[in-house]
Amino acid sequence: MNFITKTTLLVMTFSVFLALFQLLLKTENLKQNSVNPKTKPKNEIFQAILREKEESIPNFVSRFKIKSFELWENSDKLKMEIKY
C-alpha cells in the first residue's frame, strides 16, 4: 500500500472513532437530562414532614400517614442510606 492509501484509511478510522465517541457523549447527556415523570425530584424525596404552627394535629397526622405510605410504596425504587 502506498502512503496516500494508508493515510486515507487512518483518517477514516479516526473519523469513525470520533463519531462513535460523539454518540456516546450524546447518550450520556440524554440520560442526565431526561426526567422520569413517575419519580419526584431528589430534593422532594427526603424532605422532612414538619407540622406548621397553624396546622391542626389531626390534619398533620393524616398528611404524615399519606406521605409515609407513598414513601413505603416507592421504597424499592429509592436508595436510602442511614447516617448516624
Side-chain angles (χ1 to χ4, degrees):
M1 283 211 257
N2 59 10
F3 179 73
I4 295 174
T5 310
K6 288 181 182 179
T7 306
T8 306
L9 286 174
L10 181 68
V11 168
M12 288 173 61
T13 305
F14 188 67
S15 64
V16 168
F17 171 75
L18 286 178
L20 290 175
F21 188 68
Q22 285 180 347
L23 284 175
L24 177 70
L25 289 177
K26 283 184 181 180
T27 56
E28 288 294 319
N29 282 342
L30 289 176
K31 283 182 189 176
Q32 291 174 356
N33 293 340
S34 67
V35 176
N36 192 352
K38 292 183 180 178
T39 60
K40 295 180 182 179
K42 287 186 179 180
N43 59 357
E44 283 188 350
I45 290 177
F46 298 110
Q47 278 185 345
I49 303 170
L50 301 176
R51 180 177 163 258
E52 298 165 5
K53 291 183 180 180
E54 305 86 30
E55 186 177 20
S56 67
I57 293 177
N59 286 342
F60 169 72
V61 170
S62 63
R63 185 169 60 93
F64 183 80
K65 285 181 184 177
I66 292 169
K67 293 284 186 181
S68 298
F69 187 72
E70 285 178 7
L71 187 65
W72 176 74
E73 279 185 322
N74 298 327
S75 63
D76 57 339
K77 298 174 188 171
L78 301 174
K79 295 180 182 177
M80 300 176 66
E81 294 180 11
I82 299 174
K83 296 182 181 177
Y84 296 100

Mind checking who shares a hydrophobic cluster with I66, ILVMFWY linked at side-chain heavy-atom distances under 4.5 Å?
none
Tell me whether L24 at atom CG has more than 12 heavy atoms from other residues, nucleotides or ligands lying less than 6.0 Å away.
yes
What pairs with T5 under side chain to side chain donor-acceptor pair (under 3.5 Å), at least two apart in sequence or on another chain?
N2
Taken in chain and number order and not counting sequence neighbours, the residues that satisfy ring-ring contact (aromatic ring centres under 6.0 Å, His included) with F69 are W72
Name each donor-acceptor pair under 3.5 Å that joins a side chain in residues 16-23 to protein atoms two or more places apart or in another chain, with its distance.
none

Please set out all donor-acceptor pairs under 3.5 angstrom arising from side-chain atoms of residues 8-15, sequence neighbours excluded.
unit_1 : atom_1 : unit_2 : atom_2 : d
T8     : OG1    : I4     : O      : 2.7
T13    : OG1    : L9     : O      : 2.7
S15    : OG     : V11    : O      : 3.3
S15    : OG     : M12    : O      : 2.8

